[in-house]
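Naming: A, B, ... by sequence-line order, numbering from 1 per chain.
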Amino acid sequence: MTPTTADRTSAPQPAGTPSTEAFAAIEAGKPRLAWLRGSLQQLLAAASLIVIVVFFSIASPHFFTANNLISILTAATVTGILALGTTFVIITGGIDLSIGTGMVLCGVMAGVFLTYWGWPLWAGVAATIVFGGLLGLINGMNVSILGIPPFIATLGMMLIAAGLSLVISGTKPIYFNDTPEFQQIMNLSIIPGVRFPLGVVIFVVMIVIAAVVLSKTLIGRYAFSIGSNEQATSLSGVNVRRWKIVIYTMAGLFVGLAGVLSASRLSSAQPTGGMGLELEAIAAVVIGGTSLQGGKGSIIGTVIGALIMAVLTNGLRIISVPQEWQSVAVGIVILVAVYLDMLRRRRA
Amino acid sequence: MTPTTADRTSAPQPAGTPSTEAFAAIEAGKPRLAWLRGSLQQLLAAASLIVIVVFFSIASPHFFTANNLISILTAATVTGILALGTTFVIITGGIDLSIGTGMVLCGVMAGVFLTYWGWPLWAGVAATIVFGGLLGLINGMNVSILGIPPFIATLGMMLIAAGLSLVISGTKPIYFNDTPEFQQIMNLSIIPGVRFPLGVVIFVVMIVIAAVVLSKTLIGRYAFSIGSNEQATSLSGVNVRRWKIVIYTMAGLFVGLAGVLSASRLSSAQPTGGMGLELEAIAAVVIGGTSLQGGKGSIIGTVIGALIMAVLTNGLRIISVPQEWQSVAVGIVILVAVYLDMLRRRRA
Amino acid sequence: MTALLELEGMSKGFPGVQALDDVRLDLRHGEVLALVGENGAGKSTLMKLLAGIYEPDAGTIRLNGRELRIDGPRHAQELGIAIIHQEFNLMPDLTIAQNIFIGRERRVAGTFLDERALNRRARELFDRLGLALDPTERVERLTVARQQMVEIAKALSFDARVLIMDEPTAALNDAEVDVLFGLIERFRTPDTGVIYISHRMEELSRISDRITVLRDGRYIDTLVTADTDQREVISLMVGRPIEGESRPAPRTAPGEPVLTVTGLSTKHLLKDVSFEARAGEILGFAGLMGAGRTEVARAVVGADRRTAGTVTLHGRQVQIQNPADAARLGIGYLSEDRKQLGVLLERSVRENIVLASLRDYVRGVFVSDRRIESTGREYVQKLRIKTPSTAQLVQNLSGGNQQKVVIAKWLAKDCDVLIFDEPTRGIDVGAKDEIHGLLRELAAQGKAIIVISSELPEVLRLSDRIAVMAEGRLTAVLDNADATQENLMEYATRFSAEGTITR
Amino acid sequence: GCANDGGSGSGDASGDGDKPYIALISKGFQHQFWQAVKAGAEQAAEEFDVEISFEGPDTEADVDQQIQMLQTALDKSPAAIGFAALDSQAAGPLLQQAKDSNIPVIAFDSGVESDIPLTTAATDNLAAAAEAAKHMADAVGHEGKVALVVHDQTSVTGQQRRDGFVEYLEENEPNIEIVDIQYGGGDQAKSADLAKAIIAAHPDLKGIYGSNEGSAIGVVQAVKELGVDPATLAVVGFDSGQAQMDAIRDGLMLGAITQNPVGIGYETVKAAVAAINGETLPKTIDTGFFWYDASNIDDEEIQAVLYE
Ligand SMILES: Nc1ncnc2c1ncn2[C@@H]1O[C@H](COP(=O)(O)OP(=O)(O)OP(=O)(O)O)[C@@H](O)[C@H]1O
Ligand SMILES: Nc1ncnc2c1ncn2[C@@H]1O[C@H](COP(=O)(O)OP(=O)(O)OP(=O)(O)O)[C@@H](O)[C@H]1O
Ligand SMILES: [Mg+2]
Ligand SMILES: [Mg+2]
């Protein structure tokens with residue numbers, strides 16, 4: 001929230017006080033250049049990712065194959081979509097712990113709509129996404145109207161969703177036997193011959209949407225503003241409560257979509273699990289450079305974070321690292337990647 | 001309009017809603033009286049706990065019995081001790097996700113010291129606690145020297161510890177067959193006739209120690225200062241880096257002790273599990289009124305938080321609520337308890 | 001003709017404090033009304049009532065004769081009341097343009113933001129106001145003075161009828177003050193009015209038409225500026241007369257050098273800065289905004305990285321890596337940015353006061369609360385910090401009183417060298433005198449005091465010697481006797497290498 | 001050191017290696033049971049000179065993680081796959097993919113509901129749980145209250161070990177009342193805490209059944225902590241492990257059912273080798289289960305299927 005000592009030293013500011021014209025001059029060519037500069041840095045941020053990919057490609061001939069790369073993207077899809085929505089929440093300085101079990105509950109609801117109630121595919125899918133939004137809405141209201149700290153509000157929701165999934169499903173998986181097309185949502189091969197699943201395409205579309213919303217709409221602007229200084233934002237006449245509710249609800253819509261995709265992938269709604277997924281998604285967001293203090297973050301960073309996690313998990317399996325060592329390796333790589341990223345930023 | 005309840009708000013507080021401390025402060029310059037008033041309010045904070053206890057006592061004759069209350073305390077001991085150490089970290093504005101798996105790793109190390117290496121009991125126990133401190137030290141250095149955000153630094157440690165437990169133990173439990181006294185640490189009945197376990201006594205002692213350290217020593221004072229405004233604290237000549245390391249290390253010592261107690265309870269070091277325990281401990285801290293933004297918190301609050309969690313879990317089982325409903329109930333009660341606590345503070 | 005804005009019977013209490021008690025005030029069309037009073041008199045509170053941040057306990061507000069209730073900041077904006085708060089309300093992670101137009105973004109197709117258009121609007125605004133600000137710069141990179149300019153630009157960007165300025169010049173230099181006064185003059189039309197709060201008495205006669213005085217939350221009087229003597233205003237404010245200003249007598253025997261800085265440079269700004277501070281003297285630092293005075297102080301205490309330069313203390317060269325090292329060696333630094341780098345807002349007054357010297361309150365391993373309380377009370381009395389108790393949270397104090405807390409923090413620690421960066425920012429005339437007295441006393445005890453101030457009169461009144469900076473270089477070190485406002489300004493505007501001197 | 005990971009050193013074996021590579025995807029890897037399955041599989045791998053890898057998700061609720069492991073295994077183009085499905089239907093598309101690529105699939109543990117696997121090497125959990133119920137009924141004198149601490153409420157093994165136990169009692173023991181069924185995730189401390197709550201709520205409880213290693217040890221721990229006389233409360237467990245064996249020897253636990261995990265692992269790899277060689281296989285391979293208590297725990301036949 002406040003500039004750190006490091007920030008202050010690193011901030012490159014020319015000495016003296018340039019005149020207005022000088023500013024105008026700098027201005028003229030600036031936005032474009034600054035943007036270029038910004039995205040170059042983001043690309044550099046992807047350096048860790050590239051290093052990891054290169055490492056695994058050398059270590060195993062099975063890693064850098066079309067099939068395996070698609071497997072990685074598929075594996076990243078669900079966590080990635082959760083992470084996208086959570087990025088907004090974290091930028092406001094909040095957190096959402098309910099995304100994992102919330103997603104599971106949404107999957108169960110998809111089962112209820114499509115299998116128990118026999119709704120048509122499109123209606124069931126839409127209802128599921130809306131249901132996710134509803135969970136987010138409740139989180140948002142708890143946070144912003146009742147004033148419950150986000151950690152607690154969403155922890156409560158996490159437990160409630162975990163329980164409700166079991167209650168509603170009767171602790172049994174629900175299968176989508178009546179709507180066999182349902183599993184196509186995630187699995188349909190869009191390129192004949194290659195196993196490139198529709199789910200990954202949806203992921204890419206969601207990345208684009210999230211990036212636009214974050215950088216080009218009021219939702220994104222106010223997310224940054226609230227996370228940067230909530231009090232000042234409120235004093236500037238922005239209805240902070242309402243916008244927080246909007247942002248949590250939007251994160252909920254992403255959760256709903258993730259629920260559809262994960263249920264589609266497994267052609268079944270599994271009523272358990274999901275616990276721990278929230279940490280994975282939040283980790284992706286934070287590895288991507290979004291600050292848990294709020295006010296700072298980017299969608300591309302989150303995507304890189306999600307990919308780092310997915311590549312690591314997959315690569316370690318591909319090179320058959322003993323399973324007990326895998327989590328040690330993931331832990332170390334995360335530390336090193338984030339540390340290098342910090343160094344780069346401090347130097348920049 | 002009431003600006004949000006976010007604790008960090010630096011700007012003016014809304015009409016008629018000053019903080020509790022301000023209220024206590026009216027006892028112009030009478031720290032003693034203010035303290036009394038303060039702790040009275042803490043007792044009020046326990047209101048939710050009392051309501052829950054009364055509810056279960058009425059609902060089941062088996063709840064309010066000496067044996068069951070002791071069971072509750074026993075169940076609260078390990079999480080509670082983890083929560084005590086974490087309270088300090090959270091007051092600095094940090095977080096420690098590694099306490100759950102770190103505790104498991106410490107248990108495994110106790111097995112290594114006592115069973116594999118055959119050290120005497122006292123040495124093995126001391127070494128385990130020190131080992132916990134070492135984990136905390138690494139966290140602290142990652143956070144304060146390398147500048148890795150606490151969430152990531154301790155997430156990395158969480159994964160590393162989870163893996164190392166399996167690696168070191170060979171994915172098998174380690175039994176304390178050579179040191180049968182080891183299990184007495186947690187289980188010894190200190191009152192003849194009643195099964196009041198030593199572990200609970202240790203918990204109580206740790207509560208007292210933590211409370212004194214937090215309120216009466218430099219560690220506690222600097223934890224509050226750092227959490228309140230890290231930069232201002234640093235510019236006041238406080239070696240913030242060093243004190244952060246001290247605080248993470250101290251939290252690690254608590255993790256080591258929790259590892260000893262949990263291994264002692266099961267007379268074996270189980271190399272799995274621990275994941276999820278960190279959320280439970282952090283929840284206890286936050287339910288107890290400590291702010292994740294840092295700068296605010298109390299030990300008594302954490303203890304109440306831990307007890308609320310333990311009583312809920314136990315009570316719901318005692319009255320045989322179907323398990324799928326239990327997590328729903330816990331979620332709702334947490335939300336309501338924290339909401340009421342917020343109301344009380346706002347009103348005070 | 002009805003007044004533009006009329007307040008009557010306004011009261012507002014906080015637990016333990018009656019901040020306002022039956023206060024009235026009227027602002028006429030086209031006038032600048034100055035509002036003065038000691039620290040904690042209730043000025044900011046009154047303005048926050050107008051901005052819709054607090055609700056009054058009692059009282060009526062009339063705008064153009066129409067009685068109304070103000071529901072919140074947004075409502076105040078809609079009514080045409082714009083305010084510059086005493087404490088900044090900026091979003092550090094956003095750009096200047098984003099900060100200024102927050103809540104008023106225009107959208108393309110009802111949905112999308114147009115960053116270019118936003119920057120264009122901001123640039124138009126700055127051109128109109130004659131401010132040198134870069135709309136795309138992120139606010140966290142700005143110095144306090146520039147942040148103040150952003151706040152001013154933001155307030156003027158509203159189509160406001162009533163403009164309230166709560167100590168806008170506290171962080172500004174004379175040059176910027178001139179710019180601001182120009183802006184105020186242009187803002188003033190027959191339909192508008194300005195309420196102007198300041199502790200700088202000499203400004204009042206330049207800008208205001210009338211002066212309203214508050215004391216202890218009560219209305220005292222309203223005077224017409226032209227007919228009033230400054231001293232009269234001060235005695236109404238403080239309730240007692242205040243000594244006139246005098247410059248220190250030339251010191252006969254210069255003391256031993258305590259702190260010697262040689263060749264100090266930083267990556268972005270400072271170039272080869274060398275000076276020494278001697279025992280028993282006050283060394284003033286003057287310069288324009290961004291001249292690098294703050295940066296010198298930060299580099300000396302290790303808050304910023306140095307690229308070159310040595311620091312010698314009592315003749316021994318020392319290694320200072322961070323402020324903790326500096327504090328251990330007895331060098332204290334009071335930051336100019338009170339809110340971000342000075343106080344712990346959510347902690348008590350006494351905790352803040354002993355923060356730098358906390359180690360002295362440890363007996364064995366335990367901290368002695370009793371001694372902390374007694375120190376706290378000592379400084380509350382000494383500096384007349386207006387607070388119901390030492391347990392009050394600092395965020396509940398008025399701005400000036402918060403500043404006193406920060407000063408107390410460094411007075412409570414026994415330092416050989418004290419670097420005070422804008423120490424009297426937001427402090428009332430009476431208290432300023434007392435603080436100057438305290439600084440003199442400290443110097444007399446043999447300490448070396450460095451005072452960075454943007455108020456030239458203050459620098460002249462206080463310092464034995466005056467160092468002047470421009471563009472990161474030291475351009476002159478003058479004895480007080482040789483210094484005048486004119487020649488200080490001249491050195492402060494030497495924008496090239498030719499005038500650079502050493503020592 | 002890390003336990004017997006000898007067989008999984010190199011993942012390149014399948015592509016260019018001399019030995020055929022078999023990927024085993026289990027339902028877990030951290031528990032003793034799965035480690036024993038792994039040991040059996042490695043034993044067979046040595047014997048038949050094949051390369052294997054053995055992986056399982058962190059918890060038995062992690063269907064998605066298991067699917068990803070299966071996907072990764074397929075991407076390595078193994079000679080055969082051994083698979084213990086957490087949810088058969090969820091794995092459907094991948095199993096189809098295996099079939100399309102002519103990779104034989106062998107099911108193990110609770111099996112895979114599909115006709116793609118060539119055979120299933122498994123314990124009959126329903127029958128095993130019924131056996132536990134029979135011993136429980138004998139121990140409590142065919143009347144009174146009993147409770148269950150089950151490791152999981154959604155996995156097939158959890159459900160079968162619960163249902164087998166419950167159904168046996170309902171059909172054969174009209175005077176035995178099941179007062180509570182709780183789920184502890186197989187976590188010992190959590191199972192202990194909930195067993196204590198059950199005992200507190202039902203002071204006249206006569207028996208508790210723990211449905212896997214962690215649950216059973218948790219129950220024993222609860223009995224220990226409460227100081228309940230083992231003569232008044234019968235504890236019946238499942239699986240083995242040092243702690244459970246000690247409890248049986250100490251009289252805290254009446255006895256337990258053990259499966260033959262080593263046999264499961266061994267038979268799975270053996271069947272996979274047979275499938276690679278194009279041999280035909282029987283529809284199921286029953287690896288059996290055994291009741292053990294203080295009387296037979298040291299028998300050679302029982303010792304062979306117990307693990308520490
Ligand atoms: N939120 C609050 N809670 C408690 N007391 C408050 C609060 N806000 C202001 N006060 C008290 O009200 C009084 C008036 O404060 P105010 O900020 O209006 O003073 P001021 O005249 O603006 O002073 P300064 O010149 O120092 O800015 C002070 O004593 C202050 O401590
Ligand atoms: N946080 C920061 N990030 C980037 N540049 C900064 C920062 N703080 C200061 N600067 C730059 O350093 C230069 C010197 O600032 P400094 O604060 O030392 O000046 P000063 O003489 O104290 O003036 P004032 O405090 O009145 O602005 C200015 O150009 C300023 O823009
Ligand atoms: Mg004020
Ligand atoms: Mg400055």
**Prompt:** So what's closer than 4.5 Å to chain D heavy atoms on Pro173(B): side chain, backbone, both or neither?
**Reply:** both
**Which portion of Ile198(D) sits near chain B, non-hydrogen atoms under 4.5 angstrom** = neither
**Request:** With a 4.5 angstrom heavy-atom cut-off, could you sort out which part of Gln182(D) is near chain B: side chain, backbone, both or neither?
**Result:** both
**Request:** Could you look at Asn314(B) and say if it's the side chain, the backbone, both or neither that has a heavy atom under 4.5 Å from chain D?
**Result:** both
**Asked** Can any side-chain N or O of Ser215(D) pair as donor or acceptor with the backbone N or O of Gly210(D) at less than 3.5 Å?
**Response** no
**Prompt:** So which pairs with a foot in residues 263-282 of chain B pass salt bridge (Lys or Arg N to Asp or Glu O under 4.0 Å), sequence neighbours left out?
**Reply:** Arg265(B)-Asp193(D), Arg265(B)-Glu225(D)
**Arg317(B) (side chain) donor-acceptor with Ala197(D) (main chain) under 3.5 angstrom** = no
**Message:** Taking side chain as everything from C-beta outward and backbone as N, CA, C, O, which of these in Ser268(B) sits under 4.5 Å from a heavy atom of chain D? Side chain, backbone, both or neither.
**Reply:** side chain
**Request:** Name the region of Ser71(B), side chain, backbone, both or neither, that has any atom closer than 4.5 Å to a heavy atom of chain D.
**Result:** both
**Asked** Is there a side-chain contact between Gln35(D) and Lys172(B) (heavy atoms, below 4.5 Å)?
**Response** no
**Message:** Quick check on Thr313(B) against chain D: is it the side chain, the backbone, both or neither that has a heavy atom closer than 4.5 Å?
**Reply:** neither
**Prompt:** For the atom pair CG (Leu316(B)) and OG (Ser60(B)), what is the distance rounded to the nearest 0.5 Å?
**Reply:** 11.5 Å
**Residue pair Val125(B) / Phe113(B), side-chain heavy-atom distance below 4.5 Å** = no
**Item:** Among Asp246(D), Val220(D), Leu226(D), residue most engaged with chain B (heavy-atom pairs, under 4.5 Å)
**Value:** Leu226(D)
